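For reference, the structure is listed below as structure tokens.
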Amino acid sequence: DLVSKVFVFPQETRDSHVLVRVKPEQPLQNFTVCLRSYTDLTRPHSLFSYATKAQDNEILLFKPKPSEYQLYVGGKFVAFRVPEGIVENEHVCASWESATGIVGFWLNGKPWPRKGLQRGYTVGVEAAILLGQEQDTFGGGFDTQQSFVGEMSSVYMWDSGISTSEVRAAMYDSPSKAPIFGWRNFPYKTVGEVYLKP
């Protein structure tokens with residue numbers, strides 16, 4: 001249970017990351033990923049990377065610049081423009097459903113207009129799930145210039161969609177439905193310079 005703790009990524013590195021030691025048991029027709037990040041980076045960086053042997057960007061939550069988030073599914077992405085303001089803690093959730101291809105995106109509990117991506121696609125299993133680096137190969141192939149620097153917490157993943165009220169519950173680490181993994185039961189291994197701090 002990591003509630004009231006954060007992972008600190010203190011500096012730009014070639015390999016520091018958090019490995020999530022969980023794998024979905026079946027291919028995913030739907031998913032939602034939520035996390036909280038706090039950084040003053042202005043260059044591109046990876047927040048959540050889910051790679052399979054067949055597809056390195058099976059699921060990727062990526063921030064190319066302060067005013068944009070990208071969600072990749074199966075190597076293709078949609079972008080969401082966000083306000084570029086003062087550096088603050090940002091809670092993001094992204095959801096996707098195969099049947100319609102609809103992608104939902106929430107920033108600090110507020111839903112953005114939905115978009116579409118990869119209708120009919122299935123997300124593979126046997127995944128390597130990482131925080132703080134972008135995988136260009138299965139479990140590796142990192143680029144220093146895409147590494148995350150800052151703090152990250154409240155990481156959750158579900159094998160279903162999510163409502164705005166459920167997003168807000170996850171913001172406060174009290175999700176209403178059981179995730180595949182979440183901050184209250186988070187199996188992880190830190191690699192390199194990442195520290196768990198109150």
Side-chain angles (χ1 to χ4, degrees), residues 1-24 31-51 59-71 82-94 105-110 127-135 139-158 162 166-198:
D1 188 341
L2 301 187
V3 171
S4 76
K5 294 194 168 70
V6 297
F7 286 124
V8 179
F9 298 76
Q11 61 182 0
E12 185 171 290
T13 63
R14 198 170 48 85
D15 60 353
S16 297
H17 63 275
V18 175
L19 181 64
V20 184
R21 309 187 74 155
V22 174
K23 298 199 167 66
F31 69 80
T32 303
V33 172
C34 294
L35 58 83
R36 190 180 283 284
S37 68
Y38 192 28
T39 180
D40 61 0
L41 287 175
T42 54
R43 64 160 171 76
H45 56 278
S46 175
L47 294 163
F48 180 98
S49 171
Y50 175 118
I59 302 172
L60 176 66
L61 186 58
F62 192 76
K63 202 167 181 196
K65 54 190 175 195
S67 59
E68 188 180 308
Y69 280 90
Q70 293 174 347
L71 177 72
V82 297
E84 190 177 342
I86 51 171
V87 172
E88 61 180 338
N89 226 309
E90 291 188 356
H91 181 271
V92 293
C93 289
F105 179 83
W106 294 260
L107 178 65
N108 295 334
K110 183 186 164 197
I129 306 176
L130 269 63
L131 308 177
Q133 294 279 3
E134 199 257 308
Q135 305 176 71
F142 306 139
D143 176 351
T144 306
Q145 287 303 306
Q146 293 179 337
S147 68
F148 177 73
V149 182
E151 302 182 6
M152 199 182 299
S153 62
S154 299
V155 184
Y156 291 88
M157 183 176 189
W158 292 266
I162 197 169
E166 288 164 334
V167 166
R168 289 177 181 154
M171 274 178 80
Y172 299 104
D173 291 309
S174 52
S176 43
K177 54 183 175 184
I180 300 172
F181 57 83
W183 210 235
R184 290 184 171 273
N185 179 16
F186 197 76
Y188 73 94
K189 177 183 167 203
T190 56
V191 179
E193 275 189 89
V194 187
Y195 305 99
L196 189 63
K197 292 287 181 191

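Note that the structure is a prediction, hence the values are computed from the model and not measured.
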Side-chain (Ser174) to main-chain (Ala169) donor-acceptor, under 3.5 angstrom: yes
query: Parallel under 30°, tilted from 30 to 60°, perpendicular over 60°: which one fits the rings of Phe9 and Phe148?
result: perpendicular
- request: Check whether any side-chain heavy atom of Val20 sits under 4.5 Å from a side-chain heavy atom of Tyr188, and report yes or no.
  value: no
- request: Please step through side chain to side chain contact (heavy atoms under 4.5 Å, CB included) for the pair Val22 and Ile180, ending with a clear verdict.
  value: CA-CA 8 Å; Val22 174; Ile180 300 172; 3.7 Å; yes
- prompt: Within a strict 4.5 Å, meaning less than it, do heavy atoms of the Gln70 and Pro64 side chains meet?
  reply: yes
message: What I'd like to find out is whether the side chain of Glu134 reaches to under 4.5 Å of the side chain of Leu60, using heavy atoms alone.
response: yes
Within-4.5 Å side-chain heavy-atom neighbours: Thr144 and Thr13: no
task: Decide yes or no for Asp1 and Phe186: does some side-chain heavy atom of the first lie under 4.5 Å from some side-chain heavy atom of the second?
output: no
- prompt: Within the distance-only criterion (no hydrogens, no angle test), does the side chain of Ser16 pair as donor or acceptor with the backbone N or O of Glu193 below 3.5 angstrom?
  reply: yes
query: Considering residues, nucleotides and ligands other than Arg43, do more than 12 of their heavy atoms fall under 6.0 Å from its CZ?
result: yes
- prompt: Are Leu131 and Phe48 side-chain neighbours, meaning at least one heavy-atom pair lies under 4.5 Å?
  reply: yes
query: How many angstroms lie between CZ in Phe105 and NZ in Lys110, if you round to the nearest 0.5 Å?
result: 11.0 Å
statement: For Asn108 and Asn89 the tightest heavy-atom approach is OD1-O, 3.8 Å
- request: Using modelled atom types only, decide if a donor and an acceptor are shared between the side chain of Arg36 and the backbone of Val155 within a distance under 3.5 Å.
  value: no
- request: Identify the two heavy atoms, one from Cys34 and one from Ile162, that lie closest to each other, and give their separation to 0.1 Å.
  value: SG-CD1, 4.4 Å
field: Ring-ring centroid check Trp183 Tyr172, cutoff 6.0 Å
entry: no
- prompt: Just by modelled atom types, is the Gly109 backbone N or O under 3.5 Å from a matching donor or acceptor in the Arg168 side chain?
  reply: yes
- prompt: Mind checking whether His17 and Val194 have side chains closer than 4.5 Å, heavy atoms only?
  reply: no
task: Answer yes if the ring centres of Tyr50 and Phe31 are under 6.0 angstrom apart, and no otherwise.
output: no
- request: Compare all side-chain heavy atoms of Ser153 with those of Val3 and state whether any distance is below 4.5 angstrom.
  value: no
field: Closest contact, heavy atoms only, Leu41 versus Pro66
entry: O-CG, 4.2 Å
statement: Taken to the nearest 0.5 Å, the spacing of Asp143 CG from Asp15 CG works out to 12.5 Å
field: Greater than 12 external heavy atoms within 6.0 Å of Lys177's NZ
entry: yes
- request: Supply the atom-to-atom distance Met152 CE to Leu35 CG, rounded to the nearest 0.5 angstrom.
  value: 6.0 Å
- prompt: Do NZ/NE/NH1/NH2 and the carboxylate oxygens of Lys63 and Glu90 come within less than 4.0 Å?
  reply: yes
task: Name the orientation class of the two ring planes belonging to Tyr156 and Trp158 (parallel below 30°, tilted from 30 to 60°, perpendicular beyond 60°).
output: parallel
message: Please determine whether side chain to side chain contact (heavy atoms under 4.5 Å, CB included) holds for the pair Thr39 and Glu151, giving the CA-CA distance in whole Å, both sets of side-chain angles, and the decisive distance to 0.1 Å.
response: CA-CA 7 Å; Thr39 180; Glu151 302 182 6; over 6 Å; no
- line: d(Ser147 OG, His45 NE2) to nearest 0.5 Å is 9.5 Å
query: Between Ser46 (side chain) and Gln146 (backbone), is there a donor-acceptor pair under 3.5 Å?
result: no
message: Less than 6.0 angstrom separating the ring centers of Phe62 and Tyr69, yes or no?
response: no
message: What's the separation between atom OG1 in Thr190 and atom CZ in Phe7, rounded to the nearest 0.5 Å?
response: 7.0 Å
- prompt: When rounded to the nearest 0.5 angstrom, what distance separates CD1 in Ile129 from CG in Leu19?
  reply: 8.5 Å
task: Tell me yes or no: between the side chains of Gln133 and Gln135, is some donor less than 3.5 Å from an acceptor?
output: no
